[in-house]
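Reading through the C-alpha cells given below for one structure.
Side chains included, hydrogens not; waters and symmetry mates left out as well; all remaining heavy atoms used.
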There are 8 protein chains.
Amino acid sequence: MEKAEHLLSNLYFEDIDYAHIDHHRAIRKGFPEVIFGQGKTSMQIIGIMETMMTRDNIILATRVDKDKAVKIQKKIKNIEYDEEARLIQLKQKEPEITGNGEILVISAGTSDIPVAKEALLTAKAMGNKTKSIYDVGVAGIHRLFAHKDIIEAASVIIAVAGMEGALPSVIAGMVKAPVLAVPTSIGYGTSFNGLTALFGMLNSCSSNISVVNIDNGFGAGYMASAINHT
Amino acid sequence: MEKAEHLLSNLYFEDIDYAHIDHHRAIRKGFPEVIFGQGKTSMQIIGIMETMMTRDNIILATRVDKDKAVKIQKKIKNIEYDEEARLIQLKQKEPEITGNGEILVISAGTSDIPVAKEALLTAKAMGNKTKSIYDVGVAGIHRLFAHKDIIEAASVIIAVAGMEGALPSVIAGMVKAPVLAVPTSIGYGTSFNGLTALFGMLNSCSSNISVVNIDNGFGAGYMASAINHT
Amino acid sequence: MEKAEHLLSNLYFEDIDYAHIDHHRAIRKGFPEVIFGQGKTSMQIIGIMETMMTRDNIILATRVDKDKAVKIQKKIKNIEYDEEARLIQLKQKEPEITGNGEILVISAGTSDIPVAKEALLTAKAMGNKTKSIYDVGVAGIHRLFAHKDIIEAASVIIAVAGMEGALPSVIAGMVKAPVLAVPTSIGYGTSFNGLTALFGMLNSCSSNISVVNIDNGFGAGYMASAINHT
Amino acid sequence: MEKAEHLLSNLYFEDIDYAHIDHHRAIRKGFPEVIFGQGKTSMQIIGIMETMMTRDNIILATRVDKDKAVKIQKKIKNIEYDEEARLIQLKQKEPEITGNGEILVISAGTSDIPVAKEALLTAKAMGNKTKSIYDVGVAGIHRLFAHKDIIEAASVIIAVAGMEGALPSVIAGMVKAPVLAVPTSIGYGTSFNGLTALFGMLNSCSSNISVVNIDNGFGAGYMASAINHT
Amino acid sequence: MEKAEHLLSNLYFEDIDYAHIDHHRAIRKGFPEVIFGQGKTSMQIIGIMETMMTRDNIILATRVDKDKAVKIQKKIKNIEYDEEARLIQLKQKEPEITGNGEILVISAGTSDIPVAKEALLTAKAMGNKTKSIYDVGVAGIHRLFAHKDIIEAASVIIAVAGMEGALPSVIAGMVKAPVLAVPTSIGYGTSFNGLTALFGMLNSCSSNISVVNIDNGFGAGYMASAINHT
Amino acid sequence: MEKAEHLLSNLYFEDIDYAHIDHHRAIRKGFPEVIFGQGKTSMQIIGIMETMMTRDNIILATRVDKDKAVKIQKKIKNIEYDEEARLIQLKQKEPEITGNGEILVISAGTSDIPVAKEALLTAKAMGNKTKSIYDVGVAGIHRLFAHKDIIEAASVIIAVAGMEGALPSVIAGMVKAPVLAVPTSIGYGTSFNGLTALFGMLNSCSSNISVVNIDNGFGAGYMASAINHT
Amino acid sequence: MEKAEHLLSNLYFEDIDYAHIDHHRAIRKGFPEVIFGQGKTSMQIIGIMETMMTRDNIILATRVDKDKAVKIQKKIKNIEYDEEARLIQLKQKEPEITGNGEILVISAGTSDIPVAKEALLTAKAMGNKTKSIYDVGVAGIHRLFAHKDIIEAASVIIAVAGMEGALPSVIAGMVKAPVLAVPTSIGYGTSFNGLTALFGMLNSCSSNISVVNIDNGFGAGYMASAINHT
Amino acid sequence: MEKAEHLLSNLYFEDIDYAHIDHHRAIRKGFPEVIFGQGKTSMQIIGIMETMMTRDNIILATRVDKDKAVKIQKKIKNIEYDEEARLIQLKQKEPEITGNGEILVISAGTSDIPVAKEALLTAKAMGNKTKSIYDVGVAGIHRLFAHKDIIEAASVIIAVAGMEGALPSVIAGMVKAPVLAVPTSIGYGTSFNGLTALFGMLNSCSSNISVVNIDNGFGAGYMASAINHT
C-alpha cells in the first residue's frame, strides 16, 4: 500500500521547489488552493499562479499589499486587485452561483470595512449570492434593527467587529441562521489588536455563532460558502 | 413606536425576579432558551424549568454537575441526565429529525469525550441525525484515515481536541463540509487549559473551519444544528 | 511644618497594631472607612469594627464569607449580613437619602446577581434611592428595551455583566446618564474570570461609560454614590 | 410593531454607504456623534463631517493625526485642530456652560499632557468649566498637596498617569468627588504600553474611582461631562 | 586544575541523596543555606536540618505550613515557628547585631502583614536592628506622613503592598535610603495575584527602589541585610 | 488506493469504543503506545491495558495518581507503581539495554525530583543505561562542577529545573552532548507554574539544547531514548 | 585552587573590551563560538571575526541583515552570505562529514523557508549530511505522505512550521527518530508571532519531539548536529 | 496646618506650565531631579534644564536619542552626551567620590553594553567609584570565574543580562554583596523583549538579589548609589 500511496499522491500535487501545489484540492475541497500572500515574495506568488493557471478556473491570492500587486499585474494579465481587501483574483470565467441562499456581511464600524470586503469578495468568488450592511455597531443599536428584514432573510451571516466586538452576539440573538463572527484589529489600548473582540465573540451568550481568527475575512467568506453549499 | 415596543415586548418574556424567561425565543430562534447551569443554584434552575415547562416541548440545561442534578430530579419528573456531558434534558416528546444531513462528532482523545458528548446530545435534541468517532488524534493519523468514508459523508463535522488541537485542521483539509473546531481544556503546562488548542484552531491553514469557546460542546452542537437547518 | 503635620495627623487615625483606622475619612470623604474583609481574620474584622463603632454611624465590611460572618455576629450585635452579596452592615440608624437622583443596577444574567446586589446595598447604605433589573443580557435584547422608561429615568446606571460583557455598551448607547460598567467573573474558557468582559467594557464604542475592577460591586456602588452626590 | 420600528428608525440615521450617521444621537445622548478618526481615511472623515454639518452645532473628530488634519482643513473651513491632543473641532457657535460644577484635569507627568489635553478639550466642548494641573506625580507628592484647595473644589476630577499609575489612588483618597482615572501608554519595559497603569488604577484602594481605556482622554472628558450634567 | 577543583568542591557540600547541602555557604555568603520548605516533605526538611545542625549556628526554613511544622517540631527540639510568616528558626544562640543601621518594614494593608513579618524575622535572624509600621496605604496618605521621622531615620526600607502597589513609590520619593519593594498577592480581579503590584513597583517614578518576587518577604529581608552589611 | 488504505489501517488499531488502540505503534515507533493517565478513569486505563497486554511486552501509564493506581492494581497483576513519578509499569520481562550510551538526569532542586524520576524511569523502560544527580542548582554552582566527569561522559543529558530554570544553560555550555531541558512548575509568584523556567530554557545562550513541556519528565525520557537509539 | 583557576581560565578566552572570545569552546564543545549578530554593530562583528580567524577553521554569524553583511564583506574576504537565512559563513576549508546519519529539514509552508534554511546551513557547516522538503503542511497531508521513504530514512528530523504548528506532531507520529520542532513567526492575529505554534509543539501528543525558540533555525541545526554526533 | 503646607510647598518646586520642577529633591534625596527624556520634546528638556541650572550642580537627562541631543547641545553649552547610553550630563564641576565602596557593573553579552553603560555613568555621576566587566554570560562560565577577585571585592554589583537572564543568579551565589539585576530587551521569540529575563531574575534561587525594570540601567545605577551611600 505504501507504494501505491506514494505513486498516487505524486499526481495530487506539483513540486516547484519552494511550493507543493495541491492540484487535488479543487476535487477534494470544491475550490482550488488559495495563495496566502503574506510572507511570500511577488516572484513566488507569480510562480505559483502560473503553475495553477494551467488547471484551475479561478485563483485567489490574499493579503497581497499594493507593491506586490503591481509587480504581479505586470507579469500576469487580467488580474483583478482590490486594494482595500488586499485580494487578487484571476478568473477564466465568472463563477456560477452554486450556493443555496444568500450570505450577508455586516460590519460594526467604518474602519472594519476592509475585512468585511475580503469576506464578501471571497464568498462571491466561491459562487454565492451576497449582500452587505456597514457601520451598524451597538452604540446606536436602532441602526441595526432598521435592517431586520434583510438580516432575517440571510442564510448565513458574517458579522465583523473590532473594539468590544459585541455586534455578532446581538445579531445571533435575532436570527436562526448561523452567524460567523470576525474580530478585527480596530481599536487601541485594551483592544489588543483584536484579541478583546475575539474573546468577547467566543463568550457570546448567543449560541448559533462561531468565530474565525482576527482580521480573517477570507476564512469567514470561505466557511460561509462551505455552509451555504451543504 | 416606543409605546408599542414596550407593550409587545412584555409578551415576549416572563420576569420571575431572578430571571427574564425569553418565551419568544422558540419562535425567533427555532429552539427554546437553554439554561446555562453554571453559577445558578438548583432552586433557580428548577424555577426556570417550571416556568418553561408550560410552553416549551424540550428544555436543556447545560453544565449541571451531579449534585445539582440529583436535587433537580427530585423536584421535576422525567428528566434525563448525562453525567459525563453534564446535560439535563426534559422532553415532552422525542424531537423530530428536521436537519438536512448528518452531523459527525470526532474527538482526538479519550479524555475529550465529555465535551464531544455534550455536542452530540445537543445536536440530537435539536432534531439532527448524528454519528461519532472517538480517539483518533494526529499522533497515529492512520486511525483517522480509516474512517474516511464516514468523514466525507457528513454534512457538518464537529472536531474536538485538546493539547495541540491539530485534529480539526487535518480533517478540514480532507473535506468540503464546514468543520466546527472545539478546543478542550485537556493537557497540562503550556496547554493553558485549552488556550493553546484554541489558538491553534484559529490559525488553521485549512479554511472551511470556525471555532467555539474552550469546552463549549453545547455551542458546537447548537451551531452545527443551525448550519444543518439552513 | 513637619512638626505640625506630625501632630495633627496623629488625630486623624488610631493605630491598633495590625491596622491604622482612619477616623478622618468620614469628614474627608463623606463616608467612614469600609473594611475589606478578604485576607483579614474574623478577629481582625471584629477589632476594627469595635474601634470604629465609637465614632461612626454606619460600618460596612465587604467580601466576608459566611464562616467569618457567623463568628462576627456572635461578638457584635445588630449586624445585617447578606450572604449573596457577602456584605456586613452595622447601622446606628438608617441612612438618610442624600443623593440627587436614582441609581439603577442592571445585570445581564442570573449568575451576575451577587455582584449586582453588592453594588445595590452599598449605594443604599450611602444614602441613595436605588432600583434594579436582572437578567436582561444582549442575547434577547427586547427584554432590555421593555424597561426603557426606567433606564432613561435613572441618574446613574450600574451595568453588571460577565462573559462577553456587551450589556453596558448597549445601555450607554441609549441614555445620557453616566454608566458604570462592572465585569463579573461569570463564564468559562476565554472569559478568563472576567477579563474578557472587562476589556470589552473598556473598549466600548459608547463614551458615557467607565469601568471598575472585576466583581467589584462595592466600588461601583461607592462611585455611583459619589456621582449622585455631586 | 416591526413595521413601525423599521419606518421610524430610518429617520434616525443617514446611510452614506461607508457610514450610518446617527442623527438621533444629539437628542438621545445630548451630544452629536463624535468621529473616531483612527482607521478612517481623510475622505471618509470629510464625508461624515459634511453630512453632520447640516444638523449639528458642534462636531468633534478624535485621533486625527497631522497629515489627515491638513487634508481635512483644505476641504472644510473654520476647523480648530489641536496637534498635541489630535482633536478636530468644528463649531457653529461656542458651547454654552451647562455643566453643574468644574471639571479638573490632573496629569502625573509632562509626557501625559497630550492625553490630559484631549480630556480637557472634550469636556470644554461639551459645555463644562474646566481647569488643569500638570506634572504632579507621586515621586514628589508635596507638589500635589500644594494644589489641595483646587483639588477639593472640583466636581469631577480626571487623573491622568502612565508608568505605575498611582496618582488617581492618592487623589481619590483626598476628596469626596468622583475621580476618573486615565492610564497612559507612557513608560517602557513592564509598563506594557499603559496596561500596568490601567491595572493599578482598577486595583485602587480608594473607591470613588473608575477607569477608562488606555490613552482615552476623549472618553474621560465625555464621561466627566455626563457626570457633571446629572 | 580540573582535578583540584573536583577534590576541593567535595568538601564544600554534603550529598544526602535528595539534597546537596552547601556547607561552604556560611563562609562564602556570610549566612548558612536557607531551606525552601515549599515542595519538600517534612521528612526531607528534617533530614536537611539534622545535617546542617552539626555545623551551622542558625537554620531557617521558609514557606513551611502548619502541618509540616508540627511534624518537624516533634523530631527537632527548640524550634521557633511563626505561623503567620510560615517561618521556622533553629538557633544555637541569638544572632549578634552586625548590621550598620536599622531596617524598617512598612506594609500598606492589614492583609500584607504575613509577608511583612517574614521579611522582618529574616532580617532579625541575620543580625540587624529592625522596626515595623503596618497598614499605612496610599488611600489615606496622612497615616504614612505621621511616621516621617522613623521613615527618614532608616538605613534600608522594605515596603510591602498588594493591590495597586503604590506605597513603595511614595516612600522612595520621601527618602535617600534604598527601598526594597515587595508586591503581595492580596487583591482580586486584575490584581492577578500580585502581578499588578509587581509591575507597578518596577515602573516606579522614584529611582532608589528595586523589587523582589511576589510574596517574597524572605528575599526582601535577606537583601536588606546584605545592603545593611556593606 | 483508498480502499486498500481503509482495509489495512483497520489492522493497525483496535477500536474499544472510548479508545482506538494503536497496535502498529510498536512496529512504527519502536515502543508500544503509552497511556496518558490524566483525564481517564481507572476503568478506562484498565480496559486499555487489558487490550494491550495481549500483544505488547511493556506497558507504561503516566500521570496516574495514587487513588487510580490502587484501583488498577486490584484488577491487573504485577504492576509496578512509583508514587513520586506517578508512573505505572507492566512488564512481561525486563527491557534489554539497546541504547548506545548513557542518559544522565540532573535536577536543580530537591523539589524537582518527581519530574526527574519520571524521565529516568521512562528512559530505563525503553532500554537505556541511566544515571542521576539531584539538587545541584546554580546558586552554589561548585556542587555542579564537582560532577564534571560524569556530566562529560553522558551521551544525552536531561536537565530538570524550576524557578529561573538556569541549570540547563550552564550544563549545555560545559558539554558537546545534546541537552534536553525540562522546566518544572516549582516556584511561586512570577514562576508562573513553570512558564518562566520554560521561557528561560528556550532563550538559552547555549545551543545544544531543546525543550519539552512543563513537568513533562516522560517526554524528556522518551526523546532522550530516541536520541540514544539513533 | 582559586589561583590556578584564575590563571588557566585566562587562556580559555581573549578579552577584546566589548567581547570575551571563548577560544576554549572548539575543544569543549566540538565547534567554535558562533556570533549572534542581532544587537551587534558590523564593527563589533568584524572585530570578533578577526580575533577568531587566527584560530578557528569555520566561523558562523547568525541574524546578520543585508546592510551589515555588505559592510562586513568589504572588510573580510571570502565570506559566504545567505540573505534568506541571514547567515554569514567563513571557512578555511569545507567541513568534513562527521555526523552519523542524515539530517532532514521539513517546512510546512513556503513562508517558513528562511528559518528552514538557517537550520539546514548550520547543520551542513557542522559536518552533517542534509536533505530538505518544503511546503508540505497539514492542510493537504497527502503531500507529506508522498515523501514517506525519505522521512523514515532520516536520523534526525527538523520540522519547521508557523500558524497552528501541527506538522511536527504528525511527522513524529510516523517515525522512530528524534524530531526537533521549530515554530516560526509566520501568521497573524492569534498566531502571536509564533507563540501559538510553539505552544502547540510543546503539547504534541507524540513524544519523540522537543522544541527550540521561535524562528531559531540555527539552534535546531546545532542541536540536530549534536544528536547526529552522539 | 493646610495653610502652612500650602505656603511651604510652593518653595519646594517651580511650576513652568508643562512641568513642576522639584527643587527640594536635592535636599530630600541627595541628588537633583533627573529628567526622563522619553516622551518629552527637546524644547521641554531644554526648558527644564535651564530652570534647574540656576540651582543644581549636576543635571542628568536619560533616554535622549541622538536627534534630540543634537538640538539640546545647540542651546546649552558644555553638555556631555553618550550616544550608546543615551545619557546627557551637565556638570558645574566633577562629582566628588562620596560612596563607601566600589560599584561593579557586569554584562552577560556584548549587546547588553548600552544598558550597562547607562548604569555605570549614572553611578559615577552620583559620586561612586565604578568598574565594569562585559560579555561573561553563562554559556562559557569560566570567563566569569576568571574575574572572581574583582567580583568578590565589590560593594554592590549590577548584573545586566538579556535572553534567559541567568547571570545575576550565578553571581549572587558567589558573593555576600547585594546584587542588582537588570534585565535587557536583547533576544527574540520567547525573550518577550526582556520579560523572560526579568521573571528569571525575580525567581533567582539566590537571595541577595533584587530587580529593576527592563533596560533600566539608570535605575540600577541610582539604586546602587543609594546602597553605596548607606
Subject >> Options A197(A), A166(A), S191(A), ranked by heavy-atom pairs under 4.5 Å with chain C, top entry >> reply: S191(A)
**OP:** Assess whether ring pair (Phe, Tyr, Trp, His ring centres under 6.0 Å) is satisfied between F192(C) and F199(A), documenting all intermediate values.
**Re:** CA-CA 9 Å; F192(C) 299 120; F199(A) 291 146; 4.9 Å; yes
Subject >> Best-contacting candidate, A139(A), G137(A), G173(A), against chain C by heavy atom pairs under 4.5 angstrom >> reply: A139(A)
**OP:** Nearest 0.5 Å please: distance from the CG atom of L167(A) over to the OG atom of S169(C).
**Re:** 11.5 Å
Subject >> chain A-proximal positions within residues 201-210 of chain C [heavy-atom distance under 4.5 Å] >> reply: L202(C), N203(C), S204(C), C205(C), S206(C)
Original post:
Please, which pairs that meet side chain to side chain donor-acceptor pair (under 3.5 Å) have at least one residue in residues 173-184 of chain C, sequence neighbours excluded?
Top reply: D112(C)-T184(C)
Subject >> Over all atoms of both residues, closest heavy-atom pair of T196(C) and G200(A) >> reply: CG2-N, 3.4 Å
